Amino acid sequence: TIAEERGDGLIRIRGYMNLTMALTFAGRYEEAARAGATAYEGALAAGDREMLAVLDSHVGYLHLLAEEAEAGLARCRSGLARLGPDSGERWQQSYLLLLEGMCLFVLGDLGPSAGAFRTALAMKHEVGDIMGMGYALEGTGWLAAAEQRFTRAAWLLGAAEGRWQLTGG
């Protein structure tokens, strides 16, 4: 492998981290969990705090799609705690907040879900992440629909659609 050729263990760990998401998207959750565990062990051994936070979001998403929202929420909160409350980092923190909002929505905890989506939207706007803004707007639209605020839901989902168009979706 490239990692072996170069003697770079971090390349191997990143490979497993990306494999985690690829397998998650393919619906191969058990394999994704194994890949994520391998990546986590490597990142922990390397002391790579940033990679651990990325893995928290990847594995949190895996849990959400595998219908394990409580486990997903725990991983999101682990990642947020890893970054710290005073973190100036916005990209990964906002993705963790998006996932937190999604997990809370699935669990029926709508108030905190709305707060997570709002904070994520502000952060995504700050860093110019069009796709992330789409996720946050869509999540807020789902919340509005759950609260039977259908006109607001339509506006928010329409705003999200505009972001998806910009990203090729």
Side-chain angles (χ1 to χ4, degrees), residues 16-37 39-40 51-85 87 89-127 129-169:
Y16 275 103
M17 181 178 69
N18 291 320
L19 180 60
T20 302
M21 283 308 288
L23 291 168
T24 296
F25 290 143
R28 295 166 55 178
Y29 303 136
E30 289 180 22
E31 293 170 88
R34 286 193 298 275
Y40 184 81
M51 192 179 305
L52 289 167
V54 172
L55 278 164
D56 284 326
S57 70
H58 286 8
V59 175
Y61 193 54
L62 161 64
H63 285 302
L64 178 64
L65 294 181
E67 300 181 13
E68 301 166 347
E70 288 183 14
L73 181 60
R75 282 308 287 262
C76 292
R77 290 183 171 163
S78 174
L80 290 166
R82 193 180 311 281
L83 292 171
S87 172
E89 192 283 332
R90 292 292 182 253
W91 189 268
Q92 195 58 45
Q93 188 176 22
S94 59
Y95 269 110
L96 287 161
L97 286 164
L98 284 172
L99 284 169
E100 181 181 49
M102 290 177 202
C103 290
L104 289 165
F105 178 82
V106 167
L107 293 169
D109 202 353
L110 302 185
S113 175
F117 281 130
R118 277 193 305 273
T119 303
L121 178 59
M123 288 180 176
K124 290 301 183 187
H125 183 265
E126 182 180 338
V127 297
D129 180 0
I130 300 297
M131 185 179 292
M133 285 186 268
Y135 280 122
L137 288 164
E138 192 165 303
T140 306
W142 298 335
L143 284 164
E147 296 168 343
Q148 298 186 8
R149 298 169 61 197
F150 302 115
T151 301
R152 181 171 175 77
W155 280 102
L156 289 163
L157 294 171
E161 176 62 25
R163 300 310 173 274
W164 300 133
Q165 293 299 320
L166 291 171
T167 60

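What you see is a predicted model, and the numbers here were worked out from it, not measured in a lab.
A distance of 9.0 Å separates OG1 in T119 from CD in Q93, rounded to the nearest 0.5 Å. We find the CH2-CE distance between W164 and M133 to be 10.5 Å, quoted to the nearest 0.5 Å. Between the OG atom of S94 and the CD atom of E100 there is a distance of 12.5 Å, given to the nearest 0.5 Å. The line from OG of S57 to CG of L62 is 11.5 Å long, rounded to the nearest 0.5 Å. Here the CG atom belonging to L97 is positioned 10.0 Å from the CG atom belonging to L104, to the nearest 0.5 angstrom. Between atom NE2 of residue H58 and atom CG of residue L96 there is a gap of 10.5 Å, rounded to the nearest 0.5 Å.
Within the 4.5 Å cutoff, the side chain of L156 has no heavy atoms near those of the E138 side chain. Using a 4.5 Å heavy-atom cutoff, the side chains of L157 and W142 are in contact. In this structure, Y95 and Q92 have side chains that are in contact, with non-hydrogen atoms separated by less than 4.5 Å. Side-chain contact check for V127 versus M123: every heavy-atom pair is 4.5 Å or farther apart.
Between L64 and C103, the shortest heavy-atom contact is CD1-SG, 4.0 Å. The heavy-atom pair separating G101 from S113 by the smallest distance is O-OG, 2.7 Å. Here the closest heavy-atom approach between residue A160 and residue G134 is recorded as CB-O, 3.6 Å. When every heavy atom of E89 is checked against every heavy atom of L83, the shortest pair comes out as OE1-CD1, 3.8 Å. When every heavy atom of A145 is checked against every heavy atom of A153, the shortest pair comes out as N-CB, 3.7 Å. For L143 against A114, the heavy-atom pair with the smallest separation is CD1-CA, 3.4 Å.
For the pair R82 and Y40, the cation-pi criterion (under 6.0 Å, within 45° of the ring axis) is not fulfilled.
Sparse packing is recorded around OH of Y135, with 12 or fewer heavy atoms of other residues, nucleotides or ligands lying under 6.0 Å away.
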Side chain to side chain contact (heavy atoms under 4.5 Å, CB included) evaluation trace for Y29 with H63: CA-CA 8 Å; Y29 303 136; H63 285 302; over 6 Å; no
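Between the side chain of S78 and the backbone N or O of A74, no donor-acceptor pair lies under 3.5 Å. Looking only at distances, a side-chain donor or acceptor of T140 sits under 3.5 Å from a matching main-chain atom of A136.
A ring-centre distance under 6.0 Å is not found for W155 and F150.
Between I130 and the choices H125, K124, R163, the side-chain contact (heavy atoms from CB on, under 4.5 Å) rule is met once, by R163.
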